[in-house]
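Take a look at the structure below.
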Amino acid sequence: MSAGNPSKKSTLKKILIVIGIGLVAAAAVALYIFTDTFDDTATQKAAYTVSANPFIKEFEKDNALANKKYTEQIITVNGRISEIEAADTTVNIKMIDTTTGSYIIFAFQQQDAAEAKKLKEGDSVSVKGSCSGGIFSEILEVESINFKRSSINK
């Protein structure tokens with residue numbers, strides 16, 4: 001009987017060590033992502049304050065440039081509510097450009113959802129949130145600009 005090839009055992013040991021290190025690194029990244037917290041949007045200073053329709057037009061004119069400028073920025077948007085979509089624990093508010101159908105949609109933080117649910121279509125409102133960016137839909141031929149962690153700006 002032979003004891004086995006020592007170089008094969010050494011290679012297997014190295015592979016197992018690399019896999020182990022990879023798993024530990026992946027677990028650390030996952031832990032960071034899943035436990036990442038954000039400051040309350042209501043207490044953060046907005047990088048930009050804009051009106052809804054000109055903001056939409058900026059994305060329609062040059063989506064890539066507008067995304068570069070606004071994505072992941074805290075922005076205050078002033079406009080009129082076109083639609084309110086209530087869900088179980090949250091609410092989404094839309095501001096729509098009636099000439100093109102393009103829109104901004106705001107998803108509210110849990111602590112601000114109750115206040116957002118009190119609003120009505122047609123209300124003028126100032127909303128502050130983190131811009132997730134805009135996407136042009138070739139099928140619908142509209143620009144949609146998404147905001148997360150939104151709050152009513154007072």
Look at atom CD1 of Ile135 and say whether more than 12 heavy atoms of other residues, nucleotides or ligands are closer to it than 6.0 Å.
-> no

In this structure, CD of Gln44 is separated from OG of Ser130 (nearest 0.5 Å) by 8.0 Å

Are Phe55 and Tyr70 close enough that their ring centres sit under 6.0 Å apart?
-> yes

Does one hydrophobic cluster hold both Ile17 and Leu12, with members joined at side-chain heavy-atom distances below 4.5 Å?
-> no

For the residue pair Thr76 and Ser126, what are the closest heavy atoms and their distance?
-> CG2-OG, 3.2 Å

Give a yes or no answer on whether the side chain of Ser102 reaches the backbone of Glu143 with a donor-acceptor pair at less than 3.5 Å.
-> yes

Lys69 side chain reached by Glu58 side chain, heavy atoms, under 4.5 Å | yes

Measure the shortest side-chain to side-chain distance between Glu85 and Ile105 over non-hydrogen atoms and say whether it is less than 4.5 angstrom.
-> yes

Determine the minimum heavy-atom distance between Ile74 and Arg149, stating which atoms define it.
-> CD1-NH2, 4.4 Å

Rounded to the nearest 0.5 Å, how far does OG of Ser144 lie from NZ of Lys94?
-> 8.5 Å

4.5 Å side-chain heavy-atom contact, Val127 and Asn153 | no

Give the C-alpha distance, both sets of side-chain angles, the deciding distance and a yes or no for side chain to side chain donor-acceptor pair (under 3.5 Å) between Ser51 and Asn78.
-> CA-CA 5 Å; Ser51 294; Asn78 300 310; 5.2 Å; no

With hydrophobic residues grouped by side-chain heavy-atom distances under 4.5 Å, do Tyr103 and Ile84 end up in a single group?
-> no

Tell me, do Glu83 and Ile93 make a side-chain contact under 4.5 Å, heavy atoms counted?
-> no

Please check if Val142 and Ile56 belong to a single hydrophobic cluster, counting links between Ile, Leu, Val, Met, Phe, Trp and Tyr side chain heavy atoms closer than 4.5 Å.
-> no

Less than 4.0 Å between a side-chain N and a carboxylate O, is that true for Lys57 and Glu60?
-> yes

May I ask you to test the Cys131-Ile145 pair for a side-chain heavy-atom distance under 4.5 Å?
-> yes

For the residue pair Val125 and Leu119, establish whether any side-chain heavy-atom pair is separated by less than 4.5 Å.
-> yes

Charged N to carboxylate O below 4.0 Å: is that the case for Arg80 and Asp123?
-> no

Flag the pair Ile104 / Val77 as yes when at least one side-chain heavy-atom distance between them is below 4.5 Å, and no otherwise.
-> yes

Between Lys128 and Phe147, is any pair of side-chain heavy atoms under 4.5 Å apart?
-> no

Looking only at non-hydrogen atoms, find the nearest pair between Asn92 and Ala107 and report the distance.
-> OD1-CA, 3.3 Å

Enter the distance from Ile81:CD1 to Glu121:CD here, rounded to the nearest 0.5 Å.
-> 8.5 Å

How many angstroms lie between atom CG of Asp62 and atom NZ of Lys68, to the nearest 0.5 angstrom?
-> 10.5 Å

If you look at every heavy atom in Val91 and Ala113, which pair is closest and at what distance?
-> CG1-O, 3.8 Å

Nearest-0.5 Å distance, CG of residue Asp112 to CZ of residue Phe106 | 13.0 Å

For the residue pair Gly134 and Phe59, what are the closest heavy atoms and their distance?
-> N-CE2, 3.5 Å

Hey, is the main chain of Ile96 close enough, under 3.5 Å, to the side chain of Ser82 for a donor-acceptor pair?
-> yes

All heavy atoms of Gly133 vs all of Thr71, minimum pair found to be CA-OG1, 3.6 Å

Looking at CD of Glu72 and CG of Asn67, how far apart are the two atoms once the value is rounded to the nearest 0.5 Å?
-> 10.5 Å

